[in-house]
Amino acid sequence: MRIETELKTYTLAPEEIEALLLTDFGDKIQPVDGAKLSKLKQQQTTAAAYKTRFSKPQT
């Protein structure tokens, strides 16, 4: 017995994606500020580096 499956792909416009997200999540989704996100990631990386640098060595 051979089962044939077809994979269908669709390309959605950004407006269509936003409409789908709005339907699923309502007003829970907020736009991302690229600059703030970049700054937050840099702060997290710096904090992790300091934690590693100044933590006691494991014995």
Side-chain angles (χ1 to χ4, degrees):
M1 183 169 144
R2 183 175 171 194
I3 300 173
E4 293 188 30
T5 58
E6 276 189 42
L7 178 64
K8 296 181 181 181
T9 61
Y10 300 94
T11 302
L12 300 175
E15 297 80 21
E16 293 173 304
I17 295 171
E18 288 180 17
L20 289 172
L21 290 172
L22 186 61
T23 301
D24 288 346
F25 300 103
D27 60 353
K28 296 177 186 175
I29 296 177
Q30 299 295 322
V32 174
D33 183 343
K36 282 186 180 180
L37 183 59
S38 177
K39 184 177 180 182
L40 176 62
K41 286 186 178 185
Q42 181 61 41
Q43 288 173 341
Q44 290 171 339
T45 303
T46 303
Y50 277 120
K51 183 177 180 181
T52 315
R53 183 176 180 187
F54 295 110
S55 65
K56 291 183 180 179
Q58 298 293 325
T59 56

Only distances under 3.5 Å count here; give the side-chain donor-acceptor pairs of residues 12-24 to other protein atoms, sequence neighbours excluded, each with its distance to 0.1 Å.
residue	atom	partner	partner atom	Å
E16	OE1	A13	N	2.8
T23	OG1	A19	O	2.8

Going from CG on D33 to NZ on K39, what distance comes out if it is rounded to the nearest 0.5 angstrom?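 Taking CG in D33 and NZ in K39, the distance rounds to 10.5 Å.
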May I ask you to check whether over 12 heavy atoms, not counting those of Y50, lie within 6.0 Å of atom OH?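 Not buried by this count: 12 neighbours or fewer within 6.0 Å.
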